[in-house]
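Hydrogens, waters and symmetry mates are skipped; everything else that's a heavy atom, side chains included, is used. In what follows, chains carry the letters A, B, and so on, assigned in the order in which the sequence lines appear, proteins first and then strands, with residues in each chain numbered from 1.
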There are 2 protein chains.
Amino acid sequence: MTIYDIAKAAGVSPSTVSRVINNKKGINEETRRRVQQLLEENNYIRNDTARGLSMQSTKIIGILLEDIRSSHHTESVYVIEQEMTRRGYTCIILSTGRTSEQKRNCVQILEQRRVDGAIFIGSVFETEEMAVLLRTHLSNIPIVIANGYLDLPNVYGVVVDEEKGVEDCVEYLASLGYQLPAFVKSEDTPSGQHKEDGFIKGVEKLGISPKEAIIYSSLCEEANPGLILERGSQITEQLVKEHPEVDSIVYLVDLLAIGGLMKLEELGIKVPQQIGVLGIDNTLYGRICKPALTTLNNKLVETSKNASRILLDALEKNETSHKFMLFTDIVERDSTRKKEGIL
Amino acid sequence: MTIYDIAKAAGVSPSTVSRVINNKKGINEETRRRVQQLLEENNYIRNDTARGLSMQSTKIIGILLEDIRSSHHTESVYVIEQEMTRRGYTCIILSTGRTSEQKRNCVQILEQRRVDGAIFIGSVFETEEMAVLLRTHLSNIPIVIANGYLDLPNVYGVVVDEEKGVEDCVEYLASLGYQLPAFVKSEDTPSGQHKEDGFIKGVEKLGISPKEAIIYSSLCEEANPGLILERGSQITEQLVKEHPEVDSIVYLVDLLAIGGLMKLEELGIKVPQQIGVLGIDNTLYGRICKPALTTLNNKLVETSKNASRILLDALEKNETSHKFMLFTDIVERDSTRKKEGIL
DNA sequence: TTGTAGGCGTTATCAT
DNA sequence: ATGATAACGCCTACAA
C-alpha cells in the first residue's frame with residue numbers, strides 16, 4: 001500500500017496524497033477528506049525508509065554506551081528513549097563494549113544508518129581517539145556526550161563535577177570522624193580519573209600526601225553486574241589485609257561497594273563502626289543492601305535528560321551552549337554514620 | 001559520497017561499484033582493486049536507508065517491552081541486541097508502557113520503519129487484543145514472543161513453565177516446614193496468572209482450598225524499580241497485619257519481595273525463622289539484599305536468547321518450531337531455610 | 001488547488 | 001566483465 005495506490009483509488013495524484021498525509025495546507029477540503037478516508041480504509045502506513053531517503057533525514061538517533069546492563073545507564077537510556085520517541089525520533093541503542101574497535105564498529109553502524117544525531121553515554125567517549133573518530137566520521141550531525149565533553153563544533157557535552165563530588169565525600173567522611181579513607185577504582189576512564197583526583201584532593205586536606213593515598217584498582221573484564229559484585233569482594237579482602245588501618249572506603253561504583261560490604265561482613269568487620277563505606281552512582285542496589293549504602297548521587301539520569309533536550313535543540317537548529325555542568329549530592333545512609341553510634 | 005561519485009572517479013558505472021561493495025563475483029580483479037581503493041580513500045559509507053528501500057528489507061528488527069528498567073528485562077534486551085548486531089541487524093528498542101494505546105503506537109512505529117522482524121518481551125503481549133493487532137498490522141514479518149505465545153502463522157513463542165515453577169516453590173516451602181504460604185501478585189498479566197495458578201495448585205496439596213488461599217495484590221502505576229520496592233513494603237505490612245498466621249510469602253517479583261524483607265525487618269519479624277520469603281526472576285537484587293533472597297529462576301535471559309535465535313532462523317527461512325518451552329529452577333538462599341535453624 | 005517530473009542512493013535485470 | 005535502466009516509495013519544486 002503506497003501513496004500511488006491511494007492516489008489511484010482516490011483519482012488524484014500521488015503528490016496530493018502526500019500533501020494530505022503531511023497535513024500541508026492549500027488542499028480542497030473535499031479531496032482531503034476523500035483521501036483521508038481511503039488512507040484509513042486501507043490502513044496505509046507511511047514508509048519511513050522511503051521518506052528518510054527522500055528527505056535526507058531519517059529521524060533516527062543513535063545512542064551509544066558501553067553496556068546497557070550497568071544499572072545507572074539503563075535508566076538513562078530509558079529517559080532518552082522516551083523523550084526522543086515522544087518527539088518523533090526513533091532510537092538505535094548500541095552497547096558498544098569496551099574496545100575501541102567495537103566502538104568504531106558501532107559508529108559505523110550509525111553512519112550507515114544515517115542517523116540524524118547521537119548521544120554517547122559515559123565519559124569513556126571523552127577521549128582523543130574518539131575525537132579523531134568523530135571528526136572523520138560523524139562531523140555533520142549533532143552529538144551530545146552525557147558525562148563528557150569534546151571540543152568539536154558539532155559536539156555538545158553535559159558533564160558532572162565528579163571530582164568535586166568525591167572530594168566532598170572525603171570531607172563528609174572526615175566530618176564523621178573517618179580519618180584514613182581508601183579508594184577503590186576500576187577501569188581507567190576519564191570519569192574514574194576525575195574521581196580519583198577528587199579523592200586525592202580530599203585526603204590531602206586530611207594531611208595525607210598524594211603518594212600516601214591508598215588507592216586500589218579492581219579491574220573487571222566485563223560490565224556484567226554479578227562480576228562487578230565479586231570483584232568488589234575480592235579487592236576489599238586484599239585491601240583490608242594489606243591496610244588494616246584503613247577506616248573507610250570509597251568505591252568507584254555502588255556494586256563494587258556492595259561487594260565490599262559483603263566481604264566485610266564475612267570478615268566480621270562492622271560497617272559503619274569499624275569501616276565506613278561509600279559508593280558512587282546512587283543506584284537502587286544501594287537502597288537494598290545492608291547496611292544501606294551511602295552513595296554519591298552523580299545525577300546521571302538528569303545528565304541524560306539534559307542530553308536529550310540539548311540534542312533536540314541542536315536538531316531543530318535552536319541555539320544551545322556546547323557545555324553544561326551539573327553537581328553532585330551525597331545520599332546519606334547507614335554504611336557511614338559513625339557519629340550515631342549504634343546502628 | 002555515493003556510488004555515483006565513486007563510479008565517476010573510477011571511470012566505471014555505478015553498478016560496478018555496487019558489485020564491488022557487495023562482493024559479487026564476476027568482476028575484473030583489476031577494476032575491483034581500483035574501486036576498492038577509491039572507496040577507502042574517500043571513506044565511502046553505504047547508505048542503509050537507500051539500500052533498505054531498494055532491497056525491500058531494512059535489516060532492522062524491533063524489540064518491544066513494557067519497560068526496560070525492569071532489571072530482568074534489561075539483560076534480555078542486552079543479549080538480543082548483541083546477537084542481532086552480530087548478525088548484521090540493527091535493533092530498535094521501545095519501552096512501550098502499560099496501556100494498549102501506547103503499545104499500538106509502538107507497533108505503528110515498527111510498521112513505519114518496515115522492520116524485518118520483531119521480538120516482544122513479556123507475557124503482556126500474549127493477549128487477544130495483541131493477536132488482533134498483529135493480524136491486522138504485522139502479519140507479514142516473523143515475530144517472536146519471549147515468555148508468551150500467540151497462535152498466528154507468523155508468530156513464534158518461547159514460554160516458561162512458571163505455573164509449575166511456583167507450584168514447586170510452594171512444595172519447596174512445605175519441605176522446609178512452612179505450612180501456610182501467602183502470595184503477593186501485582187498487575188494482571190498472563191505470566192502473573194500462571195504464577196497464581198501455580199500457587200493455588202501448590203497450596204491445595206497442603207490442604208488449603210483455592211478460596212482459602214491467601215493472595216494479595218500490589219498494584220504499581222509504573223514499572224519504576226524504586227516504586228515497586230515501596231509497594232512491596234506496603235503490601236507486606238497489610239498482609240502480616242491481617243494474616244499474622246502466615247508463615248511464608250511468595251512474591252511475584254524479586255523487588256516486591258525485597259520491599260517485603262525491609263518491612264518485615266522493620267516490624268521485627270525474623271526471616272526465615274518466622275516468615276520465609278521467596279521472590280521470582282532471579283535478579284541481582286536478590287543476591288544483594290539481606291537475608292539473601294531465595295528466588296525462582298524463570299530463565300528469562302535464556303528465553304530471550306532463544307527468541308533471538310528463533311527470529312534469525314525465521315528471517316533466514318530456516319524451519320523452526322513455533323513454540324518452545326523452558327523450565328524453572330529454584331535458587332536457594334537465606335530468606336528460606338527454616339531447617340538450618342540459626343542463620 | 002492539483003499534477004508532472006526529478007531526485008534521494010541503492011540493487012537488480014537485461015543487454016552488450 | 002560491465003553498463004544502461006528501471007524500480008523501491010516518498011517529497012518537493014515547478015508548472016498548470
Residues, nucleotides or ligands: over 12 heavy atoms within 6.0 Å of A:Glu129 CD: no
side-chain N/O A:Gln56 vs C:dG9 OP1/OP2, d < 4.0 Å: yes
Any A:Lys24 side-chain N or O less than 4.0 Å from OP1/OP2 of C:dT2: no
Pair B:Arg46 + A:Glu111, salt bridge at N-O below 4.0 Å: no
Test: A:Lys305 and A:Glu75 ion pair at under 4.0 Å: no
Point-to-point distance, once rounded to the nearest 0.5 Å, from CD1 of B:Ile6 to CG of B:Leu39: 5.0 Å
Salt bridge present between B:Glu83 and B:Arg309 (N-O < 4.0 angstrom): no
A:Glu101, CD atom: more than 12 neighbouring heavy atoms under 6.0 Å: no
C:dT11 OP1/OP2 closer than 4.0 Å to side-chain N/O of B:Asn22: yes
Length of the CD1-P vector between B:Ile27 and D:dG3, whole Å: 10 Å
Interatomic distance, A:Asp48 CG vs D:dC10 P [rounded to whole Å]: 10 Å
Test: A:Arg98 and A:Glu221 ion pair at under 4.0 Å: no
Separation between OG of A:Ser308 and CZ of A:Arg86, rounded to the nearest 0.5 Å: 9.5 Å
Atom-pair distance (CG on A:Asn28; P on C:dT1), nearest Å: 7 Å
Protein-nucleotide distance (B:Glu29, atom CD; D:dT2, atom C1'), rounded to Å: 15 Å
Near-strand residues of residues 3-19 of chain B, defined as heavy-atom separation under 4.0 angstrom from DNA chain C: B:Ile3, B:Tyr4, B:Ser15, B:Ser18, B:Arg19
N or O in side chain of B:Thr49 less than 4.0 angstrom from C:dC8 OP1/OP2: no
Step-by-step salt bridge (Lys or Arg N to Asp or Glu O under 4.0 Å) determination, A:Arg87 to A:Glu316: CA-CA 11 Å; A:Arg87 299 286 283 266; A:Glu316 290 158 11; 3.3 Å; yes
Non-hydrogen side-chain atoms of B:Leu64 and B:Ile119 separated by less than 4.5 Å: no
A:Met55 CE - C:dG7 C1' separation (whole Å): 14 Å
Length of the CG-P vector between B:Asn47 and C:dG9, whole Å: 7 Å
B:Leu53 or B:Arg32, whichever maps to the more 5' nucleotide of DNA chain D: B:Arg32
Spacing of A:Gln112 atom CD relative to C:dG9 atom P, expressed in whole Å: 15 Å
Atom pair distance, as rounded to whole Å: CD1 in B:Ile21 and C1' in C:dG9: 10 Å
Within residues 36-44 of chain B, residues whose heavy atoms come under 4.0 Å of DNA chain D: none
Residue-phosphate contact under 4.0 Å: B:Arg51 side-chain N/O, C:dG9 OP1/OP2: no
Side-chain (B:Lys103) to main-chain (B:Gly97) donor-acceptor, under 3.5 angstrom: yes
Bending between helix ends of the helix from C:dT1-D:dA16 to C:dT16-D:dA1 [5 pairs per end, 10° resolution]: 40°
More than 12 heavy atoms of other groups within 6.0 Å of A:Glu41 CD: yes
